[in-house]
Amino acid sequence: MAKRTLSNLVSRGIAYSFESRVVSMQLFGQSLMYSTKISGDSDTHEDFRSTNKLEGSGISVQDVVQQDVKVNPVMIYMKGVPDAPRCGFSALAIKVLQQYRVPISSRNILEDPVLKEGVKAFSNWPTFPQIFVKGEFIGGSDIVLSMHQNGQLKELLSDINGDDSKPSGE
């Protein structure tokens, strides 16, 4: 009896309405609102919005990417960071590059949507990770893996850290 009464109360007391990506739930006369809007919307609290660290600095995204690629012998734009990749492709690229014990510089494109779009425009490549070696765009994780397997990556990285660029295990 108690089960059925509770079931009736719940089924009569909960109503859902979906309007413009906002879920409204009414439970026993009290109304709760849950927003599922994307960041960047005016309804998103500023603590959870993506930040553009370049805003107001006078430096363009293209300048940042160009400087990153020029200054860092191995530069990867990835989802996450080398110690905590946030996608399997980024993790694979880092794992392959770490085999050569070369210094790896990186930027997390998930932190800044403007940077993400800027890197895509710079390389004219739509996906991530994006790996640059000695100022040249190499490609993504699949290309780096292929270059590792056929020996091209070893040759490309050989002069970055001298003999330390040999894959570990050799």
Side-chain angles (χ1 to χ4, degrees), residues 20-22 34-170:
S20 175
R21 299 180 298 181
V22 176
Y34 300 95
S35 175
T36 58
K37 293 188 177 189
I38 57 174
S39 68
D41 283 350
S42 59
D43 291 342
T44 302
H45 190 276
E46 67 184 54
D47 289 347
F48 301 103
R49 287 188 196 137
S50 296
T51 58
N52 181 350
K53 296 172 184 155
L54 300 175
E55 240 174 54
S57 71
I59 301 171
S60 75
V61 174
Q62 293 296 326
D63 292 340
V64 169
V65 175
Q66 195 166 28
Q67 186 67 17
D68 282 348
V69 168
K70 180 181 175 183
V71 172
N72 300 295
V74 179
M75 183 70 202
I76 180 170
Y77 294 92
M78 62 183 288
K79 294 178 180 179
V81 294
D83 290 337
R86 303 245 338 249
C87 101
F89 297 110
S90 292
L92 174 62
I94 288 295
K95 189 172 184 170
V96 169
L97 291 169
Q98 286 175 338
Q99 296 292 307
Y100 293 89
R101 296 185 294 248
V102 293
I104 301 167
S105 300
S106 69
R107 285 199 189 260
N108 180 358
I109 54 106
L110 296 176
E111 289 181 346
D112 190 346
V114 175
L115 175 66
K116 179 180 178 181
E117 293 307 312
V119 173
K120 285 182 183 182
F122 183 83
S123 64
N124 200 25
W125 192 263
T127 60
F128 290 90
Q130 293 192 14
I131 299 108
F132 294 82
V133 176
K134 297 186 235 174
E136 183 181 334
F137 177 60
I138 302 303
S141 59
D142 55 341
I143 294 170
V144 167
L145 179 60
S146 175
M147 290 176 73
H148 168 68
Q149 290 170 336
N150 69 24
Q152 289 177 314
L153 191 58
K154 178 180 178 181
E155 185 178 318
L156 185 62
L157 299 174
S158 65
D159 63 344
I160 290 178
N161 249 2
D163 290 335
D164 285 345
S165 63
K166 293 178 186 169
S168 58
E170 277 193 10

A.B. asks: Could you point out which residue of V144, D142, N150 forms a side-chain contact (heavy atoms from CB on, under 4.5 Å) with S146?
C.D. replies: N150
A.B. asks: Under the criterion side-chain contact (heavy atoms from CB on, under 4.5 Å), I'd like the reasoning laid out for V64 against R107: C-alpha separation, chi angles, the key distance, then a yes or no.
C.D. replies: CA-CA 11 Å; V64 169; R107 285 199 189 260; 3.7 Å; yes
A.B. asks: Any chance CD of Q62 has more than 12 other-residue heavy atoms, nucleotides or ligands included, within less than 6.0 Å?
C.D. replies: yes
A.B. asks: I'd like to check E117 versus K120 (side-chain heavy atoms, cut-off strictly below 4.5 Å). Are they in contact?
C.D. replies: yes
A.B. asks: Measuring only between side-chain heavy atoms, which start at C-beta, is K134 closer than 4.5 Å to D159?
C.D. replies: yes
A.B. asks: Rounded to the nearest 0.5 Å, what separates atom CG in L156 from atom CE in M147?
C.D. replies: 5.0 Å
A.B. asks: Using distance only, find each side-chain donor-acceptor pair of residues 72-81 under 3.5 Å and give its atom names and separation, not counting sequence neighbours.
C.D. replies:
residue	atom	partner	partner atom	Å
N72	OD1	S105	OG	2.9
N72	ND2	D68	O	2.9
Y77	OH	D68	OD2	2.8

A.B. asks: To check you understand the geometry: which heavy-atom pair defines the closest contact between I138 and I143, and what is its length?
C.D. replies: O-CG2, 3.5 Å
A.B. asks: For the atom pair CD1 (I94) and OG (S141), what is the distance rounded to the nearest 0.5 Å?
C.D. replies: 10.5 Å
A.B. asks: Going from OG on S106 to CD1 on I131, what distance comes out if it is rounded to the nearest 0.5 angstrom?
C.D. replies: 11.5 Å
A.B. asks: Looking only at heavy atoms, which two atoms of Y100 and V96 are closest? And how far apart?
C.D. replies: CD1-O, 3.4 Å
A.B. asks: Enter the distance from K70:NZ to F132:CZ here, rounded to the nearest 0.5 Å.
C.D. replies: 15.0 Å
A.B. asks: From S90 OG over to I109 CD1, what is the distance, rounded to the nearest 0.5 angstrom?
C.D. replies: 7.0 Å
A.B. asks: Could you check whether any side-chain heavy atom of V65 comes within less than 4.5 Å of a side-chain heavy atom of L115, counting everything from C-beta outward?
C.D. replies: yes
A.B. asks: Please round to the nearest 0.5 Å and tell me the distance separating atom CG of N124 and atom CD of Q130.
C.D. replies: 9.5 Å
A.B. asks: Under the side-chain contact (heavy atoms from CB on, under 4.5 Å) criterion, do F89 and T127 qualify, and how do the steps go?
C.D. replies: CA-CA 10 Å; F89 297 110; T127 60; over 6 Å; no
A.B. asks: In terms of heavy-atom contacts, does CZ of F137 have more than 12 from other residues, nucleotides or ligands at under 6.0 Å?
C.D. replies: yes
